[in-house]
Amino acid sequence: MRKLGRSFFARPALAVCREILGKYIVRVCRGRKIIGKIVEVEAYSGPADRGSHAFGGKITARNKIMFEQGGLVYIYLIYGMYWLFNITTGRPGHPAAILIRAVEPVQGFSGREASGPGKFCKVFKLDKSFYGEDLTKSKRLWLEDNPEKIKVNRGPRIGIDYADPYWSKIPWRFWVKDNPYISK
DNA sequence: GTACAGATTGAG
DNA sequence: TCAATCTGTACT
């Protein structure tokens, strides 16, 4: 299976979003492989995005990785309890990332254990040690291609109602049509 | 320095 | 409906 390289991630977030659905994410932990098929993602792109941590182009210790090249891990703690896993996209200087919201079990776990951004990180044992990890070089976490054709649906993002009406409604959430493993 | 809300989740 | 409790931001 072909590993996804820099050229896949160094593109606009929305393009990566649509194409990353159906791809495999592989985690190696203590000699065992955990594999999931990505079935739900959201895009956060540009300094004008009210829902993004990079809104206004402001750089903080937490979000600075969003301003770097595509293919890096942006992981952060939310509500003091849950890790949320993002992959940066695009080119240096343009803050963009896509949030992995749900994956379908392939190997190493089962059921809907990864059907939600916080749950996914728990099952895949992802934490702050992955901050800035390069997915094109890492030996413990990477993505693999899948030639399978996927039917993609799109709609508004989740959990950002605080943003203004325009940004909270734009359809930057993508998921695999009729897949039972997307988050509720 | 204090106050508060958030890209969530599971329990009640 | 609420609490778990870290991080950034807007105040005093």
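The sequence lines fix the lettering, A, B, ..., with proteins before strands; numbering per chain opens at 1.
Rounded to whole Å, the distance from CZ on A:Arg50 to P on B:dA5 is 16 Å. Whole-Å rounding puts the A:Tyr76 OH to B:dG6 C1' distance at 8 Å.
The residue among A:Lys58 and A:Tyr79 whose nearest nucleotide of DNA chain C is located toward the 5' end is A:Tyr79.
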Next item on the list: Might you work through the side-chain contact (heavy atoms from CB on, under 4.5 Å) test for A:Tyr131 and A:Leu72, ending with a clear yes or no?
Entry: CA-CA 8 Å; A:Tyr131 186 89; A:Leu72 309 182; over 6 Å; no

Next item on the list: Evaluate the side-chain hydrogen bond (donor to acceptor under 3.5 Å, both in side chains) criterion for residues A:Glu68 and A:Thr88: first the C-alpha distance (whole Å), next the side-chain angles of each, then the deciding distance (0.1 Å), finally the verdict.
Entry: CA-CA 8 Å; A:Glu68 297 189 27; A:Thr88 63; over 6 Å; no

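In this structure, A:Arg140 is positioned above the aromatic face of A:Phe130, its NZ or CZ under 6.0 Å from the six-membered ring centre and within 45° of the axis.
For the C1' atoms, the distance from C:dT7 to B:dG10 is 23 Å, rounded to whole Å. With P as the reference atom, B:dG12 and C:dT5 are 16 Å apart, rounded to whole Å.
Within the nucleic acid shown, A:Asn86 comes within 4.0 Å of at least one base atom, counting heavy atoms only. Across all strands, A:Leu77 comes closer than 4.0 Å only to sugar-phosphate atoms, never to a base (heavy-atom distances).
Contact between the side-chain N/O atoms of A:Lys122 and the OP1/OP2 oxygens of B:dT9 is not found at any separation under 4.0 Å. Under 4.0 angstrom from either OP1 or OP2 of C:dT7 there lies at least one side-chain N or O belonging to A:Lys128. Put simply, A:Arg101 has a side-chain N or O that comes within less than 4.0 Å of OP1 or OP2 on B:dT8.
Using the Watson-Crick or G-U wobble rule with both distances under 3.5 Å, C:dT5 pairs with nothing in any strand shown.
Within 6.0 Å of NZ in A:Lys151 there are 12 or fewer heavy atoms belonging to other residues, nucleotides or ligands.
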